[in-house]
Amino acid sequence: MNITKSAESFPEIATDLLVVPVGSDLKSKTLDQIKESSGQDVLELAKQERFKGKAGQSFLMRGLKGLQAPRLLLVGLGGGNGELDDVLLAGATAARNAKEIFARRLSVLTADLDTHTVEHLAIGTRLGAYIFDRHISKSEDSFPGFEGIDFLGSFDDSVLEKANHIADGIIIARDLFNETPNILTPAVMADKARTIATSFGLECTIFDETELVKRGFNLITAVGQGSENPPRLIHLTYKPAGEVKKRLAFVGKGVTFDTGGYNLKPGNSMLGMHGDMGGAAAVLGAAHAIGQLKPDGVEIHFVVPTAENSISGRAMRPQDIIKGYGGKTVEIHNTDAEGRLILADALAYIQEFKPDTIIDLATLTGACVVALGEYTAGLFTNDEELASSILKAGATSGEHFWRMPLTKKLAKGLDTHTADMKNIGPRWGGAITAALFLKNFVNMDSWAHLDIAGPAWAEAETPLSPPGGTGFGVATLVNLVRGS
Ligand code: BES
Ligand code: ZN
Ligand code: ZN
């Protein structure tokens, strides 16, 4: 549900929940106004309940005189100059409170806020409002959904437009991630991508299994060949209206379910592997957002190799040797290191379109989660400038990246006597050898690999996300394109 701008004045607005964001300086012209008209000092009451304007805090009040709305909610904005994480959290807090009390129309008063804060507050509100309940039977305890979310204020219309586009992208990514593997097969992912392309005027090429075999995408077909749900390669292209000054390519790992293959994962490690397409979700979410934002001067390729890593008499085996799309041969040493195989073919393919920069996103290694924890993505790149742009775009998106090394000495761990390389190295430095494997397929000096195995997924509920897909990566890609 998009957030709309409302021109109504707040005492008259017939909303279920009126929200006032308040920073930790506890100054608010809106609350001063309410104090004057209602004769009640809401802030004083809130303080008595230990409300300090901290992000994540809230204070709910009913039946204020002079207001049409039955309830008023204060949400803490935190201190300083609208710290991004705090502002996102404030928006999410408003939406979560509304869901809890079944307030179906939510109205946020933004008179005291700058445009930057309004944008992030809107994104936070949309993310906090997110529910994935399509497989749960409805009961009287399930929130029936929002009828409207509006922001009151005098900000420019484009602020909410942008926020809505980014939030749409993140939500699409979450929906894709959270959809179950029996439903979201590679073919269905391709259909969803085609829908995005038609909705926003992107070019769309999809190679089905026959085409993949014919064209020599042998690493993608090797990963997918054990499954009844055949693989696809998805390629959407955004072309700007005017001159193209720069070409970018985003590539996302789209393993719709990772059993591990013959190197079968133990039961507990297999749970969650429907989300092994978190990179694909981020890339398609970004396509959805960018298709609406329509940035100038930049052509963007969105590429998703998608396959199900399954077992059958046809599945790839350890020690199979496969010649990839780029002509290099790979000896399979572990069928569970499948993401790098499908990415290798996609990376080789997209270079034919001469992008200036390629960024791939993948839930690639458990080792990266061990190294950085579940909130931080690993950033591997051969381009110093790209490293700082990604770190900056991450910082303006509330997404955390940490630069990791492409340690040259570890590359020999991929050596084998029988092929150009094998697909796993020794145990130590698993996230790095995975990145070095990908680097073998990149003949460019501006490439980044983002290992998002940790942050793509929230194991437990957070204020900004229910358990499941987080949509991690979408905001960073979009902000990278926007140059902020
Ligand atoms: N999809 C997994 C990586 C992963 C692990 C994602 C945990 C999210 C959470 C990947 O395909 C995989 O299985 N990697 C192996 C690599 C190993 C065989 C070298 C791993 O990380 O154990
Ligand atoms: Zn795997
Ligand atoms: Zn995987």
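Order of appearance sets the numbers: ligands from 1, and atoms from 1 within every ligand.
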Polar contact flag, side-chain donor to acceptor under 3.5 angstrom, Glu203-His301: no

Which protein residues have a heavy atom under 4.0 Å from ligand 1? Lys253, Asp258, Lys265, Met273, Asp276, Asn334, Asp336, Glu338, Arg340, Thr363, Leu364, Thr365, Gly366, Ile424, Ala453

Between Asn382 and Asp445, does any side-chain donor sit less than 3.5 Å from a side-chain acceptor? no

Exceeds 12 heavy-atom contacts within 6.0 angstrom, atom OH of Tyr375: no

Nearby protein N/O/S atoms (those under 2.8 Å) for the Zn ion (ligand 3), with water ignored: Lys253 NZ, Asp258 OD2, Asp276 OD2, Glu338 OE2

Tell me yes or no: between the side chains of His274 and Thr180, is some donor less than 3.5 Å from an acceptor? no

Under 6.0 Å between ring centres, would you say that holds for His288 and Phe200? yes

For residues Phe207 and Tyr349, determine if any side-chain heavy atom of one lies less than 4.5 Å from a side-chain heavy atom of the other. yes

Is it the case that the side chain of Ser397 and the backbone of Ala475 share a donor-acceptor pair, with hydrogens and angles ignored and the cut-off at 3.5 Å? yes

Any chance CZ of Arg427 has more than 12 other-residue heavy atoms, nucleotides or ligands included, within less than 6.0 Å? no

Would you say the side chains of Tyr262 and Asp320 form a donor-acceptor pair under 3.5 Å? no

